[in-house]
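A note on names: the letters A, B, ... follow the listed sequences, proteins ahead of strands, and every chain is numbered from 1.
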There are 2 protein chains.
Amino acid sequence: MTTAVVQVCSALGDETRWQILQMLGEQPRSASALAGELPISRQAIAQHVEVLIGAGLVERRRHGREVRYVPVGAALSAAVEQLQAAAAGWDRRLEMLKRRAEGPR
Amino acid sequence: MTTAVVQVCSALGDETRWQILQMLGEQPRSASALAGELPISRQAIAQHVEVLIGAGLVERRRHGREVRYVPVGAALSAAVEQLQAAAAGWDRRLEMLKRRAEGPR
DNA sequence: TCGTTGTGCAAGCAACGTATTGCACATCTG
DNA sequence: CAGATGTGCAATACGTTGCTTGCACAACGA
């Protein structure tokens with residue numbers, strides 16, 4: 001099993017997916033609609049969106065015959081929190097190491 | 001040119017790299033030292049670390065003949081901020097869309 | 001000085017990810 | 001109903017990534 005943070009970052013670590021996610025943030029829409037505005041095929045987009053869904057970053061909603069994709073804030077927030085927690089831990093620890101190195105001079 | 005956020009996420013979107021970064025956060029060390037604690041070769045680790053450096057997440061420091069790698073908080077913080085800003089924008093916008101949809105009932 | 005230890009560079013390879021095309025099926029509209 | 005539109009599934013091509021092995025070179029220590 002891959003960590004949630006890694007999965008989210010992996011999903012966001014692609015130019016096209018990041019762009020798709022931002023477009024969905026502006027206005028939720030279908031894969032076909034996205035395909036009309038991006039230089040890649042609808043299926044390519046569908047695969048990207050699938051990855052985003054897998055990471056919990058996007059949700060699918062049926063509207064009649066079309067499927068609109070909507071970004072979900074929760075997964076992203078959770079990942080961001082973990083990232084911050086990790087970074088804070090490093091800072092604390094590295095500061096300690098630094099002080100210990102400078103102390104006995 | 002790839003966005004900073006994407007580059008950082010791409011670097012973090014790998015189980016092994018995330019593990020390496022956490023280990024360096026605990027205690028900065030050399031590629032050889034890492035190789036002794038991970039099930040992959042030193043060169044594999046060197047390549048991973050190179051990616052982390054490329055994203056600005058890690059810094060190299062020579063200590064005599066060995067090279068120690070130290071995590072850098074700044075790049076991560078910057079990326080995290082952008083992520084939060086983006087997410088906040090979606091929430092605001094999607095809330096508006098939702099209200100507009102519920103209003104005329 | 002000689003052996004050991006830590007790095008750097010390069011070639012090779014298997015596996016994965018991105019994007020494509022083709023076709024079948026459901027659904028809305030005139 | 002018939003055509004247009006939106007979706008789902010599958011097979012395939014191709015570049016990228018992750019990891020390995022092999023060798024050369026620099027630096028520290030006995």
Practice item. In whole angstrom, give the distance that lies between atom CG of Leu34(A) and atom P of dT7(D). Key: 10 Å

Review point. With nearest nucleotides of DNA chain D determined for Tyr69(A) and Gln47(A) from heavy-atom distances, which residue corresponds to the more 5′ nucleotide?
Key: Tyr69(A)

Check your understanding: OP1 or OP2 of dT5(D) less than 4.0 angstrom from a side-chain nitrogen or oxygen of Arg42(A), does that happen here?
Key -> no

Study note, to complete from the structure: Side-chain contact check for Gln43(B): nearest option of dC19(D), dT7(D), dA10(C) is dA10(C)

Point to revise | Rounded interatomic separation in angstrom, taking CD from Glu50(B) and C1' from dC19(D) | key: 16 Å

Exercise for review: In whole angstrom, give the distance that lies between atom CD1 of Ile45(A) and atom P of dG6(D).
Suggested key: 13 Å

Check your understanding: Is a salt bridge present between Arg60(A) and Glu50(A), judged by a nitrogen-to-oxygen distance below 4.0 Å?
Key -> yes

Check your understanding: Is the shortest side-chain N/O distance from His48(A) to OP1 or OP2 of dA19(C) below 4.0 Å?
Key -> yes

Check your understanding: Hey, does Arg29(B) reach any base, or is it just sugar-phosphate, or nothing, if we go heavy atoms under 4.0 Å?
Key -> nothing

Review point. Are the side chains of Val6(B) and Asp14(A) in touch, meaning some heavy atoms are under 4.5 Å apart?
Key: no

Check your understanding: Can you find a pair of side-chain heavy atoms, one from Pro71(A) and one from Leu21(A), that are under 4.5 Å apart?
Key -> yes

Exercise for review: Measure the distance from CZ on Arg62(B) to P on dG6(C) and round it to the nearest whole Å.
Suggested key: 13 Å

Review point. Under 4.0 Å between a side-chain N or O of Ser32(B) and OP1 or OP2 of dT7(C)?
Key: yes

Exercise for review: Let me know the distance between CG of Leu38(A) and P of dT18(C), rounded to the nearest Å.
Suggested key: 15 Å

Practice item. Starting from P on dA19(C), measure out to CD on Gln19(A) and report it in whole angstrom. Key: 11 Å

**Study point:** Close side-chain approach of Ile20(A) and Ile45(A), heavy atoms under 4.5 Å
**Key:** yes

Review point. Closer to the 5' end of DNA chain C via nearest nucleotide, is it Gly64(A) or Val67(B)?
Key: Val67(B)

Review point. To the nearest Å, how far apart are Arg61(A) CZ and dT7(D) P?
Key: 16 Å

Practice item. Give a yes/no answer on whether the side chain of Arg68(B) brings an N or O atom under 4.0 Å of OP1 or OP2 in dT7(C). Key: no

Review point. Which listed nucleotide (dG6(D), dA19(C), dG8(C)) is nearest to the side chain of Glu66(A)?
Key: dG6(D)

Review point. Taking atom P of dT18(C) as reference, at what distance in whole Å does atom CH2 of Trp18(A) sit?
Key: 16 Å

**Study point:** N-O pairing of Glu59(A) and Arg61(A) below 4.0 Å
**Key:** yes

Point to revise | N or O in side chain of Ser30(B) less than 4.0 angstrom from dT7(C) OP1/OP2 | key: yes

Review point. Nearest of dT18(C), dA19(C), dC28(C) to any side-chain atom of Arg65(A)?
Key: dC28(C)

Practice item. Establish, with yes or no, whether the OP1 or OP2 oxygen of dT20(C) is under 4.0 angstrom from a side-chain nitrogen or oxygen of Ser41(A). Key: yes

